[in-house]
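Presented below is the structure to which this report refers.
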Amino acid sequence: MAYGTTDAVVGPRSEEEVTPLTQEEEVEGHVEGAVEVEVEAESDASEGAGATPSSSSSSSSSSLGGKVGKVATFVLFSGAMVSMVTMPQLFGTPFGTKDSTDLSTSMKGVPTLTLDNAHTRRTGRVLGDGMYKRNIAQVHKPTRMALDASSSPVVWKVDGEVLAATPTMEVEHTFTKLGKHTVEAGDYEFTVDSVAVRYEIRDLDDDDREGYFKALRSFYDISQDEGEALYGETYKSSDYLVREHIYGAADMACDHWHDDAGILNHHVAVTWQMEQSLRAIDPTTAAHYWDYTRDAAMDYEWYESDIFGDDWFGTAHPSNKDHILDTGRFAFTKVKTDARGFSNVTNPYGVLRSPWNTNPVPYVLRSNYTNDKAYDGYTSFPSCSEFSDYVGEDLAYVLNALNGQLHGPVHIMIGGQWDLSSKWSSYMNEMTFADNFLLLAKVLWRVGFLRVPDYCSTDTPHSDCVTSCPEEYRNGMNATEIFAAAHLGRDTADSDWLTKLDDYGFTHEDLLDEICHIGSPGEMFTSAAPQDPTFWPLHGNAERFVQYLRLLDEEDIATFNQTWGYHHDSNIPSDTHLVCDWGNQDPAHDLSMPTCIHETCPGHKEDDVLPFTGLFSDQSGLYTNKDMYKFTDPKDTYMPYVYDSLDYWEGCTGGSMLDSAIQHGKLGASASVSGDAAGASSLVNALKSFRERTFDGMYGKKKASSSAASTTMSLSSSSSQPAIVYGTGAGEVPPDAIAQPNGGLEPGR
């Protein structure tokens, strides 16, 4: 598999695109442009005009600004707060163009629709905090729909089906099809988007949380072959997605997933793939997320979080000598063995792991200690204040933070690393980041100094199957010269990592030998991180944060320059900017070395194509970073999922990310408000006004006197997947020629 670039051009997006569906799910709709199908004639032509997402950057010099719109009231019925969950002003309004029009006056007398469900009634919070401007219903969960108090009782229909013959003001209905639905209330109709809703795991009720964990456990137990037999050829097992992650992150050329601008898109896409498999197992669930900033705000130690309970993800620090996760529902989660026929990349034992992770134990492994340093020196998970520090920053800085500061520590704290010589313990505890040993070792591996055994039989002791830096590959260089040749001079967060050696009686040669003996990292600290179930809820936090920043920028509340790029650090061992060409060499046998140049690793440039298939049906090719960033715009109404909250972060003071940004001095860079109380209040009011603002979709459209016959959209799933070859033109497709994920079906449906 090779990554690279494509000249694909993003044109106008098709008028309607639909989303992955469960076993019972079908979609009626229309696609205009690259994909042609027969469609139902629209009674209101204005609702058929598509809009093109834009990722253009903001040119504002202020990091925060404010414009306050009108305030709409929440509607109460049956004693519960009802969300004005909303539909974006897509029709006639381009993405990136703010439309703060309050329609309450111009639409006076027109009935309005409100929706809620058991979760929003229980928490008192609107889905997406009211920032997704569309009517949202959670698929496969009862949704209550109601008209405003000034309306009269009506007969309700969904997609032409009468729900009840008796006129009522409100009705409860469970949508079993993802996508857009027409809700008729008397003489008026509304568009409702049925989507999967991703909740913070701790905010789920007991039944939904148990359903999620049961499905996730099954996801790890079902092999690729079994999954395809049960759910169809589009099903992607945990092994499939671990392999996908390894192919990108453990390539000898460079890391295509991390340490550069592609970090977010890759993890959004792989989580999206996993969600489709999860919902094939249980269509009522979703890829729920873990907001670890909540744990950072609590008094308990991070490893005491409910997240690590036996009924949840299991202990963060197994007590057995092999560090096997051996208690709870994920006890003894298998790592695939005999994987050489399944994957081109395995460890020497044929275990589906990073090649340099030579540990033969075939189960998920964890440790709180990284080379004898507790929690890698961290005392808590990334906090709300750390996230809020990036409100108002450019995309390039946000992506850097999401790669490292805002999520990287969680991987290392859960994964850990062991099996290094104990004589280094005191040295490691004085250094700031014990994880440097592994990060430096991966650099030495890519540039050719560190070598991995080609094959180890199952009866080979682990101590005899380890990585090393053999003398024959040094070309006469000593350790100091190798560090320089591998560009490791400043590539560590510890500026004194070399000078401190003398204090402990170590030499450069001692250090090189120990770095080259990688030992055993836990799954979460490796390229096989998806093997650990905690991987999956981790990245939703990053996506919803970026969705939030994009909406704040659109509303002129906080600027977010979205020019594609990445802020590189000079002292991060993994951020080397090196791309190494191994050609046709076999690193297990050839003595020659790769050619390494300073270059952006393929997979990170804006027009680089990504390896993800099955995101949308009829996907005959691969999407670029630019495409993925466009698709995941929070105003896009065709993504199959939303988040339960965007501004609400329980770990923030007052529960608001914007409040935290204000409290931590993010207003200081704003020329318009200069951090004063009036300016802060203006921003808070602007966000409140945006969340409560009326929108077009909540107002009924008068039904046409007659309508054309409808034709169901034909969505046939392709029997073959595109060839995953990057940069050659193979498998490329105009990014707008997309329709339903997986041919309109969940994997296997």
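The model shown is predicted, which means the values in this text are computed figures rather than measured ones.
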Between [Y] and [X], is there a side-chain heavy-atom distance shorter than 4.5 Å?
X      : Y      : result
Asp291 : Arg544 : yes
His462 : Asn359 : yes
Leu610 : Asn265 : yes
Ser367 : His317 : yes
Leu241 : Phe219 : yes
Val443 : Arg446 : no
Leu406 : Phe381 : no
Pro409 : Trp302 : no

Can a donor-acceptor pair be found between the side chains of [X] and [Y] at a distance below 3.5 Å?
X      : Y      : answer
Asp581 : Thr595 : no
Asp326 : Asn320 : yes
Asn347 : Trp356 : no
Thr507 : Asp510 : yes
Ser457 : Thr460 : yes

Do [X] and [Y] make the cut of ring centroids closer than 6.0 angstrom?
X      : Y      : value
His245 : His267 : yes
Phe213 : Phe313 : yes
Trp497 : Phe483 : yes
Tyr504 : Trp424 : no
His407 : His539 : yes
Phe612 : Trp257 : yes
Tyr303 : Tyr375 : yes

When rounded to the nearest 0.5 angstrom, what distance separates [atom1] in [X] from [atom2] in [Y]?
X      : Y      : atom1 : atom2 : result
Leu395 : His567 : CG    : NE2   : 13.0 Å
Ile518 : Thr526 : CD1   : OG1   : 11.0 Å
Ser380 : Glu386 : OG    : CD    : 7.0 Å
Asp259 : His568 : CG    : NE2   : 9.0 Å
Met298 : Asp306 : CE    : CG    : 9.0 Å
Ser388 : Trp649 : OG    : CH2   : 10.0 Å

Looking only at heavy atoms, what is the nearest atom pair of [X] and [Y], with distance?
X      : Y      : value
Leu578 : Ala486 : CD1-O, 4.4 Å
Arg329 : Asp311 : NE-O, 2.7 Å
Pro530 : Val242 : C-CG2, 3.8 Å
Pro348 : Val452 : CG-CG1, 3.6 Å
Ala250 : Trp445 : O-CH2, 3.2 Å
Ile307 : Trp312 : O-CB, 3.3 Å

Problem - Derivation and outcome, side chain to side chain contact (heavy atoms under 4.5 Å, CB included), residues Leu498 and Leu511 - result: CA-CA 9 Å; Leu498 291 176; Leu511 179 63; 3.7 Å; yes
Give a yes or no on whether a salt bridge exists between [X] and [Y], defined as a side-chain N under 4.0 angstrom from a carboxylate O.
X      : Y      : answer
Arg474 : Glu481 : no
Asp239 : Lys334 : no
Lys373 : Asp376 : no
Arg366 : Asp532 : yes
Arg294 : Glu200 : yes
Arg353 : Glu523 : yes
Arg198 : Glu543 : yes

Quick one: sort the [X] and [Y] rings into parallel, tilted or perpendicular, breaks at 30° and 60°.
X      : Y      : value
His598 : His577 : tilted
Phe387 : Tyr292 : tilted
Phe330 : Tyr220 : perpendicular
His411 : Phe535 : perpendicular

Practice task
Would you indicate whether Cys254 and Cys580 have their SG atoms under 2.5 Å apart?
Solution key: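 No; the two sulfurs sit 2.5 Å or more apart.
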Handout entry: Intermediate values then yes/no, ring pair (Phe, Tyr, Trp, His ring centres under 6.0 Å), Tyr289 and Tyr643
Key = CA-CA 9 Å; Tyr289 68 94; Tyr643 287 93; 5.7 Å; yes
Got a donor-acceptor contact below 3.5 angstrom from the [X] side chain to the [Y] backbone?
X      : Y      : result
His256 : His266 : no
Asp394 : Tyr397 : no
Asp260 : Gly262 : no
His517 : Asp419 : yes

Handout entry: Ring-face cation contact, Tyr240 with Arg243, 6.0 Å cut, 45° max
Key =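 Judged by the rule, Arg243 and Tyr240 form a cation-pi pair.
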Handout entry: NZ or CZ of Lys336 within 45° of Phe342 ring axis and under 6.0 Å
Key =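 The answer is yes, since Lys336 meets both limits relative to Phe342.
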Exercise for the section: Determine, stepwise, if the pair Ser305 / Arg202 fulfils side chain to side chain contact (heavy atoms under 4.5 Å, CB included). Expected result: CA-CA 11 Å; Ser305 168; Arg202 286 164 286 200; 3.7 Å; yes
